[in-house]
Amino acid sequence: MSAAVPVIEARDLVVGIGNRNVCRDLNFVLNAGERLAVLGQNGAGKSTLLSVLAGLREAQSGQVLLRGATYAQLRPRKSALIRGWLGQQAVDTFASTVLDAVLVGRHPHLARWDWESKDDTEIARRALATVGMGDFERRDLRSLSGGERQRVAIATLLAQAPQLYLLDEPTTHLDLRHQIETLRLFESHGGERVASIMVLHEPGLALRFCSRALLLFGDGSVAHGTCQEVLTSGALTKLYGYPMREIGDGLHRWFIPC
Amino acid sequence: MPNRRRALLILFGLSVLALFGLAHALAVGSVTVAPAQVVSALLGQDGSVSAEIVRSLRLPRALGGFACGGLLALAGALLQVLLRNPLADPYVLGISGGAGLGAVAAIFFGLGAAAINGFAFAGALGAMATVFGLSHGDGSWTQTRLLLTGVIVAAGCGAATALLLSIAPEHKLHIMLFWLMGDLSQTNDPLVPLSVLCAVLFLCLPYARELNLLARGSESAQVLGVAVKRLRLGVFLAASVATAAAVTHAGSIGFIGLIVPHLIRLATGNDQRLLLPASALVGGTLLMFADTLARTVVAPQQLPVGVLTALIGVPVFLFLLAREQGTRR
């Protein structure tokens with residue numbers, strides 16, 4: 001797998017929910033080191049598109065290629081070594097320690113009869129420390145707050161160590177400090193070797209942490225380009241159906257609803 | 001998460017316990033047989049009456065009980081992972097009810113033992129297919145819908161069974177009732193359930209770590225490299241066959257599938273690599289022990305073992321249900 005092959009590529013992708021169009025003939029290529037923000041109204045199909053890209057859902061037509069291969073060609077285990085996915089909050093039915101929850105991220109790296117080794121435990125502990133949950137490893141998942149649970153899910157993803165992170169609202173339940181720290185983590189983690197696609201609700205964060213943006217207008221039309229091009233108050237006003245105004249301090253640009 | 005060594009150690013301990021359970025089942029009863037005589041009877045060097053009792057009555061009955069208990073506990077553990085619901089159990093989901101209806105119908109029509117077993121097997125699979133088919137809906141099994149469908153199917157089977165009971169001639173009633181209450185006394189060859197137990201266990205064990213992931217959610221399991229659709233179908237089939245085999249052999253015995261995996265989960269955590277074999281061992285030992293009790297408490301009268309397990313199971317189930325609500329915010 002040479003580095004020249006894009007981490008993920010969408011070819012003529014058509015995605016819909018029921019009879020609603022999410023995107024028509026979407027084409028894009030994402031290389032290592034790039035981060036793509038997906039923005040849109042509630043119900044525009046951001047999560048649906050992300051689960052198609054993650055191989056969890058079939059597209060109506062078109063192809064998703066991970067390192068040049070389709071999910072069917074890769075089979076589940078190989079694709080798990082390439083892409084990771086952070087879903088919206090899961091329900092935990094069974095008791096489990098935080099460390100055990102993070103260790104499942106090592107699954108694709110283990111052979112059928114392997115048990116998690118000391119190295120795997122070490123990787124899981126480091127991942128927990130990275131999200132600031134190092135002291136929680138013996139706690140029961142079900143006793144955590146929403147934000148803590150979200151950080152454990154992120155640690156699981158880090159333990160999986162994929163090349164592509166597909167993040168569905170990675171900042172949900174997180175306070176401001178942890179929002180910035182989490183996005184900074186995906187910016188710095190793996191550096192130029194990994195790529196991310198993240199669903200965000202805050203255009204300012206997209207501008208700050210992503211190189212490119214994809215706007216889903218909810219009627220099948222999209223806007224796609226670098227954040228500088230795509231994220232303008234005009235486009236966002238159309239996107240959210242609410243007037244948006246840009247403000248800036250010379251360092252960062254933010255958009256506020258008027 | 002236990003490591004491999006600890007898991008093997010626990011399984012070894014449980015195997016020893018199972019052997020003790022077997023020895024107990026062979027030694028006690030209307031005729032008490034000394035341990036030394038049990039051993040010599042098993043080795044076939046003893047021609048006495050009590051040796052004959054041990055060999056041809058108690059041994060097949062104990063082994064059959066062990067196999068059925070193991071199968072039910074294993075099926076419960078698998079269903080709990082499949083449905084991500086700690087309250088799932090073959091009995092609660094109406095599968096035993098389906099088997100009971102099948103068996104009672106076969107007895108009603110005066111069919112032979114083989115047909116009774118066949119009907120029971122078909123009834124179990126039919127009930128399972130109905131429950132899962134109706135509650136599958138949008139591709140995921142929602143907990144409430146599944147449990148409700150199970151309860152309704154069980155009620156329907158119960159009503160149909162009651163109808164047959166009320167119009168059945170006197171001489172068939174006793175056989176029907178004993179079958180319904182779960183009974184190991186007219187045990188058939190224990191070889192069938194024992195081999196099903198081994199087969200299901202050895203088919204599931206290679207997938208145990210994938211089951212751990214499935215228990216945490218099917219989407220995250222898929223993303224971490226589990227072929228979820230295939231695995232679910234496999235687990236469903238394995239649990240169905242295990243339940244049907246157990247119910248066919250011993251009638252409807254409730255709550256083993258619920259209590260055993262739950263206790264093991266409390267003691268050792270929810271790692272299927274340990275939970276599945278441990279459930280089989282503990283479930284088997286428990287049912288073997290309960291059956292020994294059933295034939296000794298009011299000897300020479302025999303109690304149906306299903307009544308005993310239900311008497312233990314119902315309060316435990318209610319306790320778990322209450323606690324489950326307590327932990328949910």
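We use all heavy atoms of the structure for the numbers below, so side chains are in, but hydrogens, waters and symmetry mates are not. Throughout, a chain's letter reflects where its sequence line sits, starting with A, and its residues are numbered from 1.
- Rounding to the nearest 0.5 angstrom, the gap separating the OG1 atom in A:T93 from the CZ atom in B:R84 is 4.0 Å.
- Other residues, nucleotides and ligands contribute more than 12 heavy atoms inside 6.0 Å of the CZ atom of A:F136.
- Annotation: the span from A:L86 atom CG to B:S220 atom OG amounts to 10.5 Å, rounded to 0.5 Å.
- Heavy-atom contacts from other residues, nucleotides or ligands closer than 6.0 Å to OH of A:Y165 number more than 12.
- Counting only heavy atoms from C-beta outward, the side chains of B:R209 and A:R112 never approach each other to under 4.5 Å.
- Proximity of A:D100 to B:R216: side-chain heavy atoms (C-beta onward) are separated by under 4.5 Å at one or more points.
- A 4.5 Å side-chain heavy-atom check between B:V226 and A:H107 finds at least one atom pair inside the cut-off.
- A:R83 places a side-chain N or O within donor-acceptor distance of the main-chain N or O of B:V223, the cut-off being under 3.5 Å.
- Nearest heavy atoms, B:G225 versus A:A80: N-CB, 3.5 Å.
- Neither the backbone nor the side chain of B:R5 comes within less than 4.5 Å of any heavy atom in chain A.
- Across B:D271 and A:W115, no two heavy atoms sit closer than the pair OD2-CZ3, 3.9 Å.
- B:N85 is not listed as a side-chain neighbour of A:F94, based on a closest heavy-atom distance of 4.5 Å or more.
- Atom OG of A:S96 sits about 12.0 Å away from atom CZ of B:R265, to the nearest 0.5 Å.
- Using a 4.5 Å heavy-atom threshold, the side chains of A:R77 and B:L224 count as separate.
- The local environment of CD in A:Q60 is crowded, with over 12 non-hydrogen atoms from other residues, nucleotides or ligands closer than 6.0 Å.
- Ranked by heavy-atom pairs under 4.5 Å with chain A, the first of B:A227, B:G217, B:P206 is B:P206.
- No part of A:L99 comes within reach of chain B, as not one of its non-hydrogen atoms sits under 4.5 angstrom from that chain.
- With a 4.5 Å cut-off on non-hydrogen atoms, B:A221 does not touch chain A at all.
- If you measure heavy-atom distances from A:A159 to chain B, you find no contacts under 4.5 Å at all.
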